[in-house]
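All remarks here apply to the structure that follows.
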Amino acid sequence: MRTATLGPAERAAALAAMTERELDVLVVGGGVVGAGIALDAVTRGLSTALVEARDWASGTSSRSSKLIHGGLRYLEMLDFALVREALKERGLLLERLAPHLVKPVPFLYPLQHKGWERLYAGSGVALYDAMSVSSGHGRGLPVHRHLSRRRALSVAPCLKRDALVGALQYYDAQMDDARFVATLIRTAASYGAEVANRARVTGFLREGERVVGARVQDVETGGAYDIRARQIVNATGVWTDDTQALIGERGQFHVRASKGIHLVVPKDRVHSTTGLILRTEKSVLFVIPWGRHWIIGTTDTDWDLDKAHPAASSADIDYLLEHVNSVLHTPLTRDDVEGVYAGLRPLLAGESDATSKLSREHTVAHPVPGLVVVAGGKYTTYRVMAKDAVDEAVHGLDKRVAACVTEVTPLLGAEGYRALWNARAGIAARTGLHVARIEHLLNRYGSLTEEILDLVAADPALGKPLPAAEDYLKAEIVYAASHEGARHLDDVLTRRTRISIETFDRGTRSARACAELMAPVLGWDAEQVDKEVEHYEKRVEAERESQRQPDDLTADAARLGAPDIVPI
């Protein structure tokens with residue numbers, strides 16, 4: 001298997017290749033589910049292409065809580081099948097599919113009532129661990145433990161003494177969601193899938209009742225393509241209804257959007273060696289370790305405004321700060337917040353007025369011949385959703401198709417990761433980089449780290465940190481444009497890296513240096529560099545302004561004050 005490179009030339013070649021023959025499967029939507037479908041289909045031997053209107057994971061799949069979890073709270077809803085399925089997927093990702101990207105993370109659950117709550121919650125967490133082990137892929141995580149109040153405060157000194165009478169500690173897993181999707185995309189491309197971002201479906205091709213292809217516009221150049229496929233899979237998440245409307249058919253189900261916002265604060269603002277999970281009146285609140293930061297989230301509110309740029313209002317931020325401060329010894333303030341991001345969950349509509357009670361399960365449908373729709377679900381079970389969608393598409397193909405093999409197909413960077421991790425001190429000595437830098441690279445790229453190091457060997461200046469965002473090397477910025485499909489500055493600062501939420505300036509001080517590193521790869525002149533920087537600065541200012549607004553309507557209006565597309 002070749003390791004695919006997703007640079008500008010490869011994108012152009014992929015768009016051209018999509019038009020040369022009728023494909024078996026065309027996937028619309030480059031989030032985690034669409035990426036998973038492309039990998040599933042191509043590894044069954046099907047000719048496969050994937051198009052995404054914006055950037056990989058630019059919607060829901062880069063704005064999650066960044067957790068790979070079994071859904072502990074769904075046990076309370078007695079949804080054992082969903083939890084069992086998710087725990088199996090969590091184990092597969094940790095042990096086999098993406099050990100370089102998915103890592104264990106501990107959580108402390110404070111108990112506020114003596115006696116019955118420890119028995120009740122402890123029974124649930126014990127069942128959670130037992131279901132994980134019984135899945136056959138759960139032995140890599142420590143089991144839960146009961147803590148006294150004194151012991152809980154020793155591992156989480158940030159907590160008020162009167163906020164708990166004791167605690168439970170258990171483990172789940174986390175990942176960088178946008179990086180995970182980019183890796184899925186490259187893995188699919190490495191097996192032969194043709195992939196292109198910034199390629200928007202503007203309509204479907206019909207022959208009688210049957211959908212036989214899609215009309216795709218290259219958002220970058222304005223070119224248009226007719227791509228024919230025997231089966232098309234609509235995996236557009238919260239845009240599912242909009243995509244379905246292009247065929248003029250009413251869907252068999254509808255998708256509602258629920259907004260969740262997250263805050264990012266520096267590590268030193270919350271003194272703890274473990275993540276926290278807290279109950280709220282509506283849902284749960286997480287305080288999640290994230291490198292040298294914490295992620296605090298999330299909210300769960302209905303959203304029917306702009307889907308591309310959901311806005312976090314001042315009320316959303318106050319809600320999270322109020323709830324987390326109810327248990328913290330030293331309260332957090334607005335000044336502690338480095339980053340804020342808002343994402344939309346695609347929920348199957350019609351089951352309840354309360355978004356937190358809408359289904360997290362997924363549905364696959366075949367509304368018209370040639371078109372499969374998949375919607376709902378949760379990040380952790382993306383592989384199952386992809387398998388079900390491809391199984392449905394296979395019914396419309398008049399040939400024998402192999403069974404799904406993604407359960408045993410590691411993502412790029414997984415093979416050899418553990419061996420390189422063991423050799424990290426030697427790699428550091430050989431390259432002249434600090435061992436902490438090598439660890440950072442291995443946990444972002446796995447065995448593909450060697451490709452980054454090759455860039456540094458060819459140009460030692462790329463081994464220096466990016467100005468004002470020193471967690472990242474300059475080589476990572478070049479690599480994002482040359483190998484990972486980044487087309488614009490925004491793609492790099494918000495998704496290939498997370499500089500936009502990990503610095504108090506939201507990446508504006510790094511923007512020009514970053515754009516200048518991308519310019520030779522993407523063929524930008526000085527004028528285009530200026531446009532990219534200006535566009536990014538306007539985006540950040542629009543987000544800041546939206547976060548000062550009192551409600552969703554005013555926040556949405558403020559966020560839409562920035563242009564959506566960088567002119568070429």
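All heavy atoms count here, side chains included; hydrogens, waters and symmetry mates do not. The first residue in the sequence is number 1, and the count goes up from there.
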Lys NZ or Arg CZ of Arg424 over Trp421 ring: under 6.0 Å, within 45°: yes
Between the side chains of [Y] and [X], is the shortest nitrogen-to-carboxylate-oxygen separation below 4.0 Å, so that they form an ion pair?
X: Asp176; Y: Lys103; answer: no
X: Asp24; Y: Lys399; answer: yes
X: Asp556; Y: Lys259; answer: no
X: Asp459; Y: Lys474; answer: no
X: Asp55; Y: Arg198; answer: no
X: Glu476; Y: Arg496; answer: no
X: Glu484; Y: Arg179; answer: yes
X: Arg383; Y: Glu407; answer: yes
X: Arg430; Y: Glu450; answer: yes

Inter- and intrachain pairs under salt bridge (charged side-chain N to carboxylate O under 4.0 Å, His left out), touching residues 57-67, at least two apart: Lys66-Asp177
Contact list for residues 25-44, test salt bridge (charged side-chain N to carboxylate O under 4.0 Å, His left out), sequence neighbours left out: Asp40-Arg44, Arg44-Asp391
Parallel, tilted or perpendicular: ring planes of Tyr417 versus His100, cut at 30 and 60 degrees: tilted
Short side-chain donor-acceptor distance under 3.5 Å, Arg506 and Ser500: no
No-hydrogen, no-angle side-chain donor-acceptor test under 3.5 Å, Asp490 and His535: no
Check: His440 ring centre within less than 6.0 Å of Tyr472 ring centre: yes
